[in-house]
Each structure stands twice: as C-alpha cells, then as structure tokens.
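Can you keep this structure in mind? I'll have questions shortly.
Note that these values count all heavy atoms, side chains included, but never hydrogens, waters or copies made by symmetry.
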Amino acid sequence: MACKILDALASTGESITVEAIENLSVNGAEGAMDALYFSTFDRIFGRTPQNSMKEILSSIALAFEPLKAEYLSSLLRIPLVEVEICINKLQPILHINEEGTIRFFHKSVGDYLTSSTRCFDIRFSVQIHKSHSHLTERCLTVIQNELNYNIAQLPLHTLHKDIPNFEQLVSKNVSPHLKYSALYFWQHHEASKFATTNFQRVKTFTETKFLNWIELLSLLNATNRIPSACNSLSDGYFKSSADLTDYTLELLSDAVRLYRKFNTAISGSALQTYATAIPFSPKETRIYKHFINKLPTVAIPRVAAGSGNHWPACLTTLEGHTASVTSSAISTDGKYIVSGSEDRTIRIWLTESGEEVKTLKDNQDVNWVAISRDGKYIFSGGYSGGYNSRVKKWSIENGSVIWSHENSAFALAIDGNLMVCGDSRHMMIRSTLSGDLVGSFQFPSFSSYLTWTSISADGKCIVYGDSDGNFMIRSVDSGEEVKHKNIRFVSSVAISADKKLLVCTKDHKSIKILSISENGVEVKTSINSSVSVTKSAFSADGKWIACGCSDHTIRTWSVESGEQIRVWTGHSNYISSIAISTDDKFVISSSYDRTTKIWSTESGEIFEPLRSHLDMVYSLAITVDEKRIVTGSVDSTIKVWSVEGGEEMLTLTGHSDMVSSVTISEDEKWIVSGSGDCKVKLWSIESGNDIKTFVGHSDFVWSVTITNDGKWIISGGEDSAIKIWSVERGSLRNTLRGHTGPVYSVATSANREWIVSGGEDATVKVWSFETGIEMKSLSGHSSPVYSVAFVTNNLYIASKSDGGRLDYELETGKRIDFDIPQATSLQIKNQIDVVLHGTSMDQWDGWVAVDKKTYCWLPSEYRKCAGPFLCKR
C-alpha cells in the first residue's frame, strides 16, 4: 500500500519528502501510515480550500456501495468534468474497476479519513455525521425530483415475471443515482444521528413520494428494506427533539403493516402498491386516508363494502403450500418460521416479511416440524403411507438431510438435546445431534398408537397420548409412568417452562391447567370452552395459553383466571398447529386451509371482511350512476350496497335457492333476479319489495336481463330455454329454443331488436326479439359460453368462455379482432372496467386476472368473501 502511494506520487513528478518516508518506520504501523496519508492528502489538496474535492472524498468514504464518477456527479450536483478532475487528483488512493466504480484502494484510507483522533486537518478530514446528513439531503432531493408513478414505464396489469424486457425497462428508466438514493437515504439519515435538518425533508418524502418509493423498491427486488427503513426513520423521530406531529410516525408505522400484509402483491408487481396495498388497507389508518384520493386513476380497485377500519391482529399470511399445512414452528430468535405440509415440502419463511426463503423437498408427507434452539437445523417427521416413515434432521443452510431414521413419527417434540417420536407401538427418544436411539418403551395397550406428545424444556418429562384417548406422563430419567385416569379423549397437550400442563379434550370442550409434582398431577385451573380445542401452546412467560379451535378460530385464555382474552378469525379449515414466539409477541397458526398465519398479541382488531352475505357472492350489478351495487348470493339473498360508504342498504329475501343472476333497469327503479329455484323476480330498488314473480322455467335460471325501456325481461336457464316476460302483465310472451344445453348468458340490444345468448353448447346465438326466430348461430368457442354482450352501439357482440373471448360483427356474424370493451359475466357500466367479487376457489393464489390482465391481488380473507369491490379504469 505504502509503495503504491509513493510510486503514484513519484509518477506525478512531485517530490517525496524525507520526513514522509521516515515516518513509515516510526510510531508503529498506524502512525507511519497516518503520516503517509497526511503527506499524500496534503499534496493532493494543497493550501487552497477544495470544497468539491472534499465532498467527493467524503462521499467515497461513506457511500454504502461504490459509485461511478457520473453517479457521483448526479447525486452531488457537481459537474462531471469537475468530478473527473478531482478523481484524477485522488488517483493515488483510489481503485477504479473496469466498470468504473470507485472505492479506496485499501480500507485503511477510509478509516484514517473518518477518525477524529487520527485525521485532524480540516481540508480533508471527513466529518461523519455532517457528511451523512449532507448525503441524506442529496438522496432525498434526488427522490423528490426524479421519482414518479410507474417510473419504469411498465405495461399495466402485468406481473414482473410476465414482462419479457422487465430488467431492461428498469435499467433504462431508473437512474443509478436514483436507485442508490432509494436504497440508502435512510441509512445515511441514521448514520447522521438523525440530523434534525433533514426531518422536514423526510416528512415531505413520506407524504408525497412514499408510495413511489415502495414501487421502486419492488422494481429493485428490495422490498425487504421497507420495515428496516421505516423503523429506523421512526426511531429517529423518537430520539430527536424535533417538534413534529404524529402524522409522519403513523405513516411509517402503517407502511410496516402494509408491507407485512401486501408484500406478495408488491413484490409480484410494483404497481400493486397502488392497485392492492392502499385500496385494501383499513379505512381508518393514516396511510389509507392520506393516499386513497391521491392514487393514479388507472385500474385502482375500490372496496365497496365491509373492509376493516384498523389493522387486524393477523400480521401476515404465509402462502405457498399446495396441500394442508400440518405443523409450524418459530425459531428462538423469532426471525424464521418453518412449516411442514402434506405436499411433502418444508418451507422456511422470514417472520418479518412473510417471504419464503427456502423450500426443502421430502419424499413423504411432513406432519411435524421443529427448529433447533440454535436455529441451524430442522427436525421433521411424517409418513408416506401406512407405517413407512422416517424422522429427519435437515441443515437450514444448505437444505441437506443430515440424518434420517426409520420411524413412524406420528408425533414429534424436541428440547435442546432430545427428540421424542413414536410409532404404533413404541415411544422413542433420540439424540438430536446424531439421531441415535437413547431410550424407548412399549405402550401398555396393544390396541393403541401414539397420536401426540410433548417434552418439557429441561428434557426430563414427556407427556403423550394414544389413539384410545389416554393421557400419560413419563419421567425421562426414571422411566416412571403416571396415568391421569380422570382425563380421557385428550386432543392436545402442552408443557410450560415451569412444568404446568395444558390439557384439552375433544368431547367435553374442557381445558385444564395441571401442575406436575412428585405426588402426581393436580388440577390448577379448569376452563369451559364453547368450542373444542384442536391444538394448544403455552406462552413463554406461562401466563396465557393459545388454542386452535374446532370453529377455525384461535383463542387465548389467562392461565391464572381462566378468562378468555382474545378470539382471532381468519382460517377456513382445521387448525393443525399452534406455536408462540419466545418473546410472546407472535402466535403462529397453521391450518388445513394451506396457510400459516402470524398473529400479533399486542394489537389488532378482529376483522372479518365482507361477511354480510352468509355465503359467496355469485352475481353482481351496478347502477348507471355507479352509486349502488346489487349482489346476489348463494345464501339466496340479494343485497343493495352504497359504493361511496360501503354500507349495506337493503336485503331482499324471497328466493329459496342461490341467486345466480341480477340486473338493474336503465332507469334504476327495478332489480331483476334469477335463481336456482327456477324463478325470476322483479324488485323495487328503493324499497326492496318483491313486485312480481315470473314462473315458467323448469330448471335453474342462470341469466336475466331487462330491456332499456324497462318493459321486458329476458331469462335463460338450465332447461335450454330463453324466455321473454312482460313486466307490466307479469306474463310470458315467448319461449325461444335452439340451444342444445343450458343457457348461461343473455343480453338485448339497446334498440330491443336483437337478443344474444351463450350456452353450454359453446355457441352464440342471435334472435329476433319480435319474432323469436334464431337469426344466427355463431361458432368458434370450444367450451361453454358463459358471457355475452352487445357493444359499440350494438354493432358488435362480445362473448366469453373458458377458452377466451371471441368478438363478432352483428350484421355479418364474422369473427373480428376488435378492441372493444371486454365482456364479463357481470355488467359493465361507464367507467367500471371490471367488477369483482368473492370466490370459492380453494387453490386460488389471490391474483385477479381478466383477459390476461392482472388487476389486483386479494388478501386471503377476501377470497371467500361475501361482498363486492370495484376495479376502476
């Protein structure tokens, strides 16, 4: 290093003082190097102040990643020619690679410049806090000036993975200095000890560019920086004496929750920051209130009814397993969650973000998982059919199996050194280090097999149960067994650190807290639950318990008083696993609904969105003025909602089967509905009164529509018939036949001249309204046509099947490729492009796509919802 500097200085023609060379051998290595560096910088800077050079030098010293000369020029707002001149003068202490990025030749250069006890000269000494503050200001200025909506000019409604030139678009439209600013401004602010001179800039950033910044982090695959950045900025406010309101703090806090909730959407598509994250955030949160009316107007969903007001207790839902999740565990440090599933995988997730970081593939169903106390290993057990099963130890680092032993592991529990597992006849205790068997015993009953087990934290006590419902305790040291004969049909047992037992029974819905002593087992607390408990766990402090219940809720109770503390809803199937973090801040639940959920024990409201209907919404219509929505449900009811406030206005009852179709008259006076009860009904939209019932279909009514003049109703049904009804008389005018299967969709032209229909037979048919004669039968679909519509002044017909959309010219019947509004099975009104509602698809990943356009991502709790939301153009 010293030789390089001396050679570089010599090559410039400048003389090297004897004093500088002699100093290399005095005062130890550091003193010699300091003297050399002083001599070097003294010669470079000279006696005239070099402000630009010092700013460049400070930036090189403090940058969190090496920068090129042109990036420094843009970031620092120093002309490039001036930067290059300074870089050339600093050449003796720099290393510039082939790509042009600049860093010090050796780490000791930066150490010298930033040390207040070694570098005293004000010409080139780097004042850390002041320089970081300046870089914060420069980064925030770049963000404020350059960052805007859709910075990369991505195509709308498209996931990153479906954009072939995604990387090129990002590279072309996002400047390197903007990228650097977005990634590191908060770290510079933190390193400046949160200089108060930048607080107003941070405040302006959060109120104006916050969502654009989240969008950019998604483009850079860096959304995992959101919680760290927001928490750091919040800490800065708390540690400072700046006179600021809580407004910014609330925005920062909400952003962390938004990240936890919507990272799947934001990471998948940067524009989902606007299309999903804000619209589906609770309405009383600061981030929703601040940004909801500032969103871009392109395809932003609007929750029309039933959204929550505050962040729910469920922080994150972990999705990715393709079969039931049978077990989960959280690491001692709380950073990782591990889940096992019948899809024969073990998945490792980040607790903070919910991001899946690794998938381990097994050759058997995974029924139990546990994490070693040092967080380096995973233990799993399961079966692959019959009793052919193994228990395994995995390396988290490389995903390899360290050891594997044959064992029908119907249950598994571990402490630091011991693993307890069992099969149909034996309980086995193995070393977690080697997997070797260190103890075993046979069950007393030959008719039973092990169904669950738990081991105390000190590894001295095992509790287990068998298929006959027996509850047993065994000492690991003595092998002595104690059987509590008064407790039968045990479904779950957990052991606290102080060896209290939590015992839950299946049939009697009872929960008992037991104390183990030398004299046996004593009941300390009895809790009568309104529901049966499937799984349970003790908090780390032993003061409360968490239980998964038969109604798919998670409930917590006080150990001391037996009082119920919380009820959390969100799972839709059997809860298979409960775990609690060591700091008691999180409860982790897994379910046969294929998800694992992270719940906050500190805050959060009970939130069950859009549950006014008792079952899924099957049909939906919107008034012309877009102020009201009408929904028809599998629960046989029709509801009218206010779009603006989301309130439920009316509930219409009268059908005895699911409401498969609803429509609204042009004058907004009437609602028409079709149902599985074979009836068509006419309702008053103002009063909700049942005005008329039309009876004539012999089977399910799939589709209804009403002519623009409000005089005629057309219906199509499972009986292959299309019927025309008189609104005034309530009588049947005509029955049109021609389809060879159920008719799924009907529509009329605005002038009432034509009727178009689509059905099971994969055809689209055009009929004369006056005569009922079939005028055209249009082919091309290869699957049932479930949606038809007249569009573009009735000149064209749009139709849709599972195979895609086909458009036809009405006059000729020819298929065309024409950019007309898409037809969906729901009505299209004015500025509404797509109308969306709940679904019952269990395997749905949440992405809402129509005609290959991805509009938004639905949080899991909305996917089986019973209410509507809109997606605006």
Intermediate values then yes/no, side chain to side chain donor-acceptor pair (under 3.5 Å), Asn573 and Ser591: CA-CA 6 Å; Asn573 208 328; Ser591 168; 5.5 Å; no
Partner set under side chain to side chain contact (heavy atoms under 4.5 Å, CB included) for Asp162, not counting sequence neighbours: Thr158, Leu159
Donor-acceptor side-chain pairing of Thr223 and Ser267 below 3.5 angstrom: yes
Selection residues 730-748 - residue pairs positive for salt bridge (Lys or Arg N to Asp or Glu O under 4.0 Å), sequence neighbours left out: Arg733-Glu770
Kindly list each side-chain donor-acceptor pair under 3.5 angstrom involving residues 809-816, sequence neighbours excluded, with atom names and distances?
from	atom 1	to	atom 2	distance (Å)
Glu809	OE1	Thr812	OG1	2.7
Thr812	OG1	Lys814	N	3.2

For Glu718, side chain to side chain donor-acceptor pair (under 3.5 Å) partners two or more places apart: Trp702
Student check: side-chain heavy atoms of Ile724 and Trp712 closer than 4.5 Å: yes
Interatomic distance, Glu666 atom CD to Asp709 atom CG [nearest 0.5 angstrom]: 10.0 Å
Aromatic contact, Tyr592 with Tyr574 (centres under 6.0 Å): yes
Close side-chain approach of Ile722 and Ile714, heavy atoms under 4.5 Å: yes
Thr631/Lys639 under side chain to side chain donor-acceptor pair (under 3.5 Å): CA gap, chis, key distance, verdict: CA-CA 5 Å; Thr631 56; Lys639 291 182 183 289; over 6 Å; no
Straight-line distance of Ser698 OG to Asp719 CG, nearest 0.5 Å: 4.0 Å
is_close_aromatic(Tyr274, Tyr149), centroid dist under 6.0 Å: yes
Mutual orientation of the aromatic rings belonging to His739 and Trp767 [parallel < 30°, tilted 30-60°, perpendicular > 60°]: tilted
Residue list, salt bridge (charged side-chain N to carboxylate O under 4.0 Å, His left out) with Arg286, at least two apart or on another chain: Glu250
Side-chain donor-acceptor pair present, His552, Thr569, cut-off under 3.5 Å: no
Pairwise distance OG(Ser799) to NZ(Lys765) - rounded to 0.5 angstrom: 13.0 Å
Side chain to side chain contact (heavy atoms under 4.5 Å, CB included) evaluation trace for His655 with Lys681: CA-CA 8 Å; His655 282 296; Lys681 284 183 176 287; 3.6 Å; yes
Partner residues of Ser589 under the side chain to side chain donor-acceptor pair (under 3.5 Å) criterion, sequence neighbours left out: His571, Trp599
Residue pair Glu668, Ser665: steps toward the side chain to side chain donor-acceptor pair (under 3.5 Å) verdict: CA-CA 5 Å; Glu668 299 184 359; Ser665 63; over 6 Å; no
Donor-acceptor contact below 3.5 Å, side chain Asp343 vs main chain His321: no
Inter-residue atom distance His697.NE2 - Asp677.CG, 0.5 Å rounding: 11.5 Å
OG-CG distance between Ser324 and Asp593, expressed to the nearest 0.5 angstrom: 8.5 Å
Gap between atom CD of Glu342 and atom OG1 of Thr322 - 0.5 Å precision: 10.5 Å
Steps toward salt bridge (Lys or Arg N to Asp or Glu O under 4.0 Å) verdict (Glu284, Lys289): CA-CA 7 Å; Glu284 291 301 316; Lys289 288 181 176 181; 3.0 Å; yes
Candidate pair Trp754 and Thr748, rule side chain to side chain donor-acceptor pair (under 3.5 Å), full reasoning: CA-CA 6 Å; Trp754 309 106; Thr748 61; over 6 Å; no
